[in-house]
Amino acid sequence: MNTIKRIGVLTSGGDAPGMNAAVRAVVRTALSYGIECIGIRRGWQGLITSDFVRLTSESVGHILSRGGTILYTARSKEFMTEEGRMKAVATCKMLGLDGIVAIGGDGTFRGALELSRLGIPVVGVPATIDNDVGCTNYTIGFDTACNTAIECIDKLRDTMQSHERCSVVEVMGRNAGFLALYVGIAVGATAVLVPEHKLDFQHDVVERIRESRLAGNTHFMIVVAEGVGSAVDIGHQIHEALGMDPRVTVLGHIQRGGAPNARDRETATRMGYYAVKAFAEGRGNCIIGTQEGDLVELPIEEALAMKKHLQKYRYEIMETMQFGSRVERTTV
Ligand code: F6P
């Protein structure tokens, strides 16, 4: 017997392509169970300030293919305080919300845990271009962001090739190297620097560029995860060590925009659907994740304690691809 009558849905933290697809799935699944859906704008902050909009099937029409989030997003400092969370609980009571679907990353889910402890059930849907949420193999937005970065780097390669230059490209990822490593493999980078791998500049950059030059190449692509540090500094160090004049590009927020691709639309739709199904079947306080491609539901606290590591074998593949030889020193 479904006792849930009305839920809220919000997007929080950095936006990611596919968030809109998840919102649409939440609303239409809720309606199919006879549950009303209220959009909370600007993430947890909107729950504090009672910033809401009633959502209908029509109001989420034509958003499946749109990047960004129609609900806006924010990182709320106030929600980190007890006082802020009490205001959020008051909004839930005033609006008669029986639960919240929170779409975002780890920060969003830490907020979800706090709210659930105050008696408001929350189901989390992982969405961040960083793919750094421990309880799930995949987060909505990652694939589109990879493709955006690849498209940009392919263009950079054209001009680097013409001018026989070295390019240093910084990609997002916060403290994780998933985006950088996937992209680096996909563009055939000369070197990929990720925070999970302790940097040995001589081995990981200088020797790789030198080997590449000795193999006959005259342009070089170095992909740097933002968690490693500034790509500008890496560029200076390359100049000092090899006398080259690298060009540095920070891809920045462009990686967060654009229409979600097939994987992100489909994953977001499945996750949004299952988030509401969990509520409708009387389960809350969980995060929807993917394990081996299947969706799983994990209690929020357990999910937050899970760690995900950058696979060592992917780093080895990246290293092997440049020279076709086995590189022995990997410490991921
Ligand atoms: O978490 C997503 C992300 O894009 C990170 O990759 C990046 O470090 C951060 O958000 C940037 O945040 P902001 O939009 O606040 O500049």
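Both counts, for ligands and for their atoms, begin at 1 and track the order of listing.
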Protein heavy atom at shortest distance from atom 1 (O) of ligand 1: Asp130 OD2, 2.7 Å
Honestly, for Arg256 the part within reach of ligand 1 (heavy atoms, under 4.0 Å) is side chain
Counting non-hydrogen protein atoms only, what is the nearest one to atom 9 (C) of ligand 1? Give residue, atom name and distance. Arg174 NH2, 3.5 Å
Show me which atoms of ligand 1 lie under 4.0 Å from any heavy atom of Met172. 4 (O), 6 (O)
the protein heavy atom lying closest to atom 15 (O) of ligand 1 turns out to be Arg75 NH1, 2.6 Å
Note: ligand 1 atoms sitting under 4.0 Å from heavy atoms of Glu226 are 5 (C), 6 (O), 7 (C), 8 (O)
Between CZ of Phe279 and CD1 of Ile7, what distance do you get to the nearest 0.5 Å? 6.0 Å
Salt-bridge test for Arg117 and Glu301: reply yes if a basic N is under 4.0 Å from a carboxylate O, no otherwise. yes
Test side chain to side chain contact (heavy atoms under 4.5 Å, CB included) applied to Val60 and Val9, Val27, Leu31, the passing residue: Val27
Proximal ligand 1 atoms for His253, defined as those under 4.0 Å from one of its heavy atoms: 13 (P), 14 (O), 16 (O)
Ring-face cation contact, Phe79 with Lys87, 6.0 Å cut, 45° max: no
Under the side-chain hydrogen bond (donor to acceptor under 3.5 Å, both in side chains) definition, can you give me all pairs with a residue in residues 99-113, not counting sequence neighbours? Ser12-Thr108
Mind checking whether Gln255 has a heavy atom under 4.0 Å from ligand 1? no
For Gly105 and ligand 1, answer yes if some heavy atom of the residue is under 4.0 Å from a ligand atom, otherwise no. no
Heavy-atom closest pair (Leu118 atom, Glu82 atom, distance to 0.1 Å) is CD2-OE2, 4.3 Å
First locate atom CG of Leu71, then atom OG1 of Thr73, and finally report the distance between them rounded to the nearest 0.5 Å. 9.0 Å
